[in-house]
There are 2 protein chains.
Amino acid sequence: MKPDIAFVGAGNVAFRFSLALQEKGYNISTVYSRTEKSRDRLVRALRANGSDTKAAGRLQDLQEASLVVIAVTDDAIPQLVEEMAAVFSWTDSDNAAEKAVSRRLPAVVHTSGATPLQVLQPLADLGCACGVMYPLMTLSRNKNIEFRDVPLLLEASTDGLGTLLDSMAEDLGGEHYFYSSEDRLKMHVAAVFTTNFVNYLLGLAFPIVQHDHPLLIPSTIEAVRNAFLHTPASTLTGPARRGDMETIHKHLEVLQKMGLTEQEEIYRLLTDKILKKYHPEDR
Amino acid sequence: MKPDIAFVGAGNVAFRFSLALQEKGYNISTVYSRTEKSRDRLVRALRANGSDTKAAGRLQDLQEASLVVIAVTDDAIPQLVEEMAAVFSWTDSDNAAEKAVSRRLPAVVHTSGATPLQVLQPLADLGCACGVMYPLMTLSRNKNIEFRDVPLLLEASTDGLGTLLDSMAEDLGGEHYFYSSEDRLKMHVAAVFTTNFVNYLLGLAFPIVQHDHPLLIPSTIEAVRNAFLHTPASTLTGPARRGDMETIHKHLEVLQKMGLTEQEEIYRLLTDKILKKYHPEDR
């Protein structure tokens with residue numbers, strides 16, 4: 001049976017993740033977020049598909065769900081977990097111990113690549129099954145994405161939650177793997193190189209050719225494709241790889257003339273790295 | 001009428017370019033290259049499609065073609081042009097001036113992004129129409145490529161050659177534009193950022209996650225797609241963009257622990273650049 005799911009956070013990840021799960025038949029019962037505006041926007045989007053999702057103003061409301069998905073910024077997680085643990089452990093009964101045992105606490109997962117499972121320990125100590133469901137993709141509220149194209153890295157403190165996360169990932173349709181917190185962090189670092197830093201380089205390239213930058217699309221896609229198909233080392237080309245100093249000087253001259261100092265600096269640095277690797281004898 | 005074409009050089013660019021033109025009905029009459037092995041391999045490949053392409057050992061043989069395509073490394077072009085000019089201007093007649101005028105010299109183009117049209121001046125001085133046909137794509141002998149996916153940047157010293165290059169590019173099927181030598185060089189620099197340097201970054205990422213690197217394919221492709229669809233600046237995400245110092249420290253720790261010093265250095269540098277741009281107040 002598909003669990004009722006509550007989301008904490010209503011940003012890009014919560015937006016895309018909750019709608020994707022809803023589409024696969026999961027009931028998103030509750031959205032809690034400190035930012036009322038984004039919370040209500042997400043609740044409206046979910047309700048538009050026929051659910052009766054509640055906008056929650058108190059962490060207490062999360063307890064009714066079977067699974068709570070924490071999708072807030074990394075640095076907000078520890079404090080949030082403390083507060084959730086305080087709320088989840090609270091009971092108005094005189095016989096606190098008995099009530100706590102009889103209550104079914106929700107399982108809790110976060111969606112962060114860089115945050116270890118360990119961050120959920122205060123909730124695990126209360127008896128919550130804890131886990132991670134990290135989408136290896138930049139998600140944006142403004143852009144629909146097919147979750148079958150999004151690899152999911154999973155982690156779970158209990159077999160039961162592991163089985164649940166696995167079947168949720170299966171429903172979403174993409175590749176999914178169980179990853180330790182340590183390996184997930186490594187994948188997160190690597191993704192910074194292949195997405196954020198690649199984006200930074202493209203951002204340096206565009207001003208050099210201005211409105212003509214779309215001409216670079218085929219060669220850029222081909223370079224990425226080839227690197228993954230073979231290995232980057234085997235498919236590296238260009239003046240630095242060839243040790244073609246004359247072209248390198250011409251390029252630096254262009255950047256200088258255009259007054260693009262950041263481009264010039266990065267060009268020098270990366271060219272130097274590649275020359276050192278492939279033409280150490282000339283150095 | 002389609003011109004007889006001679007190629008000088010038999011490397012990756014000559015290989016792909018000549019076969020693509022042959023496929024579109026151009027007769028590749030001659031291949032000249034100092035490297036006999038690659039020359040004969042290309043001649044065999046062209047003949048396999050039914051042409052009677054000659055392997056030329058002397059620059060003299062190029063004069064029979066209507067168009068000579070120079071596809072050698074950038075730094076070999078000037079010397080080659082000198083030699084071609086010497087051969088093309090030579091005649092065994094007593095009445096040298098008259099013979100030179102009556103001879104039809106071939107048009108000559110090179111395929112280099114970083115080399116100005118000007119490099120062909122010794123041939124232009126003899127009366128050759130001169131031009132450039134630069135494929136904005138890394139070509140590899142080992143990999144077939146659809147030329148309709150390869151933008152071509154053209155330049156021509158005469159209207160006649162311009163019309164010819166335009167119709168050749170039209171036959172090959174891709175986007176093509178007339179570019180000045182100066183603008184072509186700029187596009188060439190930009191391509192170093194978007195292909196060679198992007199490849200270098202992917203080469204840094206793979207060892208961090210080793211055999212699991214294919215998991216990075218969807219997010220990498222998506223980052224490139226988004227950057228071109230919008231602008232890199234508007235689609236940049238990640239810890240540096242957010243100013244998330246804690247995640248940045250975690251990432252650096254991972255790279256340190258793994259002993260990946262080059263990765264650590266580049267991570268620091270690019271993160272610093274992005275932080276300076278988006279969080280100058282924190283610096």
Side-chain angles (χ1 to χ4, degrees), chain A residues 74-75 114 136-138 149-151 175 185-187 189-206 208-209 212-224 227-228 231-233 235-241 244 246-247 250-251 254-255 262 269-270 273-274, chain B residues 74-75 114 136-138 149-151 175 185-187 189-206 208-209 212-224 227-228 231-233 235-241 244 246-247 250-251 254-255 262 269-270 273-274:
Chain A
D74 291 3
D75 48 359
L136 187 50
M137 177 76 77
T138 296
D149 298 333
V150 180
E175 289 186 79
L185 178 58
K186 284 183 189 170
M187 191 58 84
V189 186
V192 166
F193 281 86
T194 62
T195 62
N196 307 149
F197 291 169
V198 162
N199 182 298
Y200 169 76
L201 283 183
L202 300 182
L204 293 183
F206 285 20
I208 304 172
V209 292
D212 284 354
H213 63 77
L215 273 179
L216 295 164
I217 295 176
S219 55
T220 307
I221 295 285
E222 186 68 7
V224 171
F228 276 105
T231 64
T235 60
L236 184 61
T237 60
R241 176 66 183 85
D244 182 350
E246 201 167 326
T247 299
K250 273 190 211 164
H251 284 174
V254 168
L255 297 174
E262 189 175 354
L269 184 106
L270 298 188
K273 289 284 178 201
I274 299 169
Chain B
D74 291 3
D75 48 0
L136 187 50
M137 176 75 78
T138 297
D149 298 332
V150 180
E175 291 184 79
L185 179 59
K186 283 183 190 171
M187 191 57 85
V189 187
V192 166
F193 281 87
T194 62
T195 62
N196 307 150
F197 291 168
V198 162
N199 182 298
Y200 170 76
L201 283 184
L202 300 183
L204 293 183
F206 286 19
I208 304 172
V209 291
D212 285 354
H213 63 78
L215 273 177
L216 295 164
I217 295 176
S219 55
T220 307
I221 295 286
E222 186 68 8
V224 171
F228 277 105
T231 64
T235 60
L236 183 60
T237 60
R241 176 66 183 85
D244 183 350
E246 201 166 327
T247 299
K250 273 189 212 165
H251 284 173
V254 167
L255 297 173
E262 188 175 354
L269 184 106
L270 299 187
K273 288 283 178 204
I274 298 169

Q. Side chain, backbone, both or neither: which part of A:D244 has a heavy atom under 4.5 Å from chain B?
A. side chain
Q: Verify, without hydrogens or angle tests, whether A:K250 (side chain) and B:A114 (backbone) share a donor-acceptor contact under 3.5 angstrom.
A: yes
Q: Flag the pair B:M187 / A:I208 as yes when at least one side-chain heavy-atom distance between them is below 4.5 Å, and no otherwise.
A: no
Q.
Is there a side-chain contact between B:F228 and A:T220 in this structure, where contact means two heavy atoms from C-beta onward sitting under 4.5 Å apart?
A. yes
Q | Contact leader toward chain B among A:E246, A:K273, A:R241, where contacts are heavy-atom pairs under 4.5 Å | A | A:K273
Q. In terms of heavy-atom pairs under 4.5 Å, which option from B:G203, B:A205, B:A190 contacts chain A the most?
A. B:A190
Q | Leading residue by heavy atom contact count with chain B [cutoff under 4.5 Å; candidates A:V224, A:I217, A:L204] | A | A:I217
Q) Which bit of A:V254 comes within less than 4.5 Å of chain B, counting heavy atoms only: side chain, backbone, both or neither? A) side chain
Q) Parallel under 30°, tilted from 30 to 60°, perpendicular over 60°: which one fits the rings of A:F206 and A:H213? A) parallel
Q) Short question: side chain of A:N199, backbone of B:A223 - any donor-acceptor pair under 3.5 Å? A) no
Q. Looking at B:V150, B:D74, B:D75, B:D149, which one has more heavy-atom pairs under 4.5 Å with chain A than the rest?
A. B:D74
Q.
Looking only at heavy atoms and a cut-off of under 4.5 Å, which of B:D212, B:L269, B:I221, B:T231 has the most pairs with chain A?
A. B:D212
Q) Measuring heavy-atom distances to chain A, does B:V192 have an atom under 4.5 Å in its side chain, in its backbone, in both, or in neither? A) side chain
Q. Heavy atoms, side chains only, cut-off 4.5 Å: are B:T138 and A:E222 in contact?
A. no
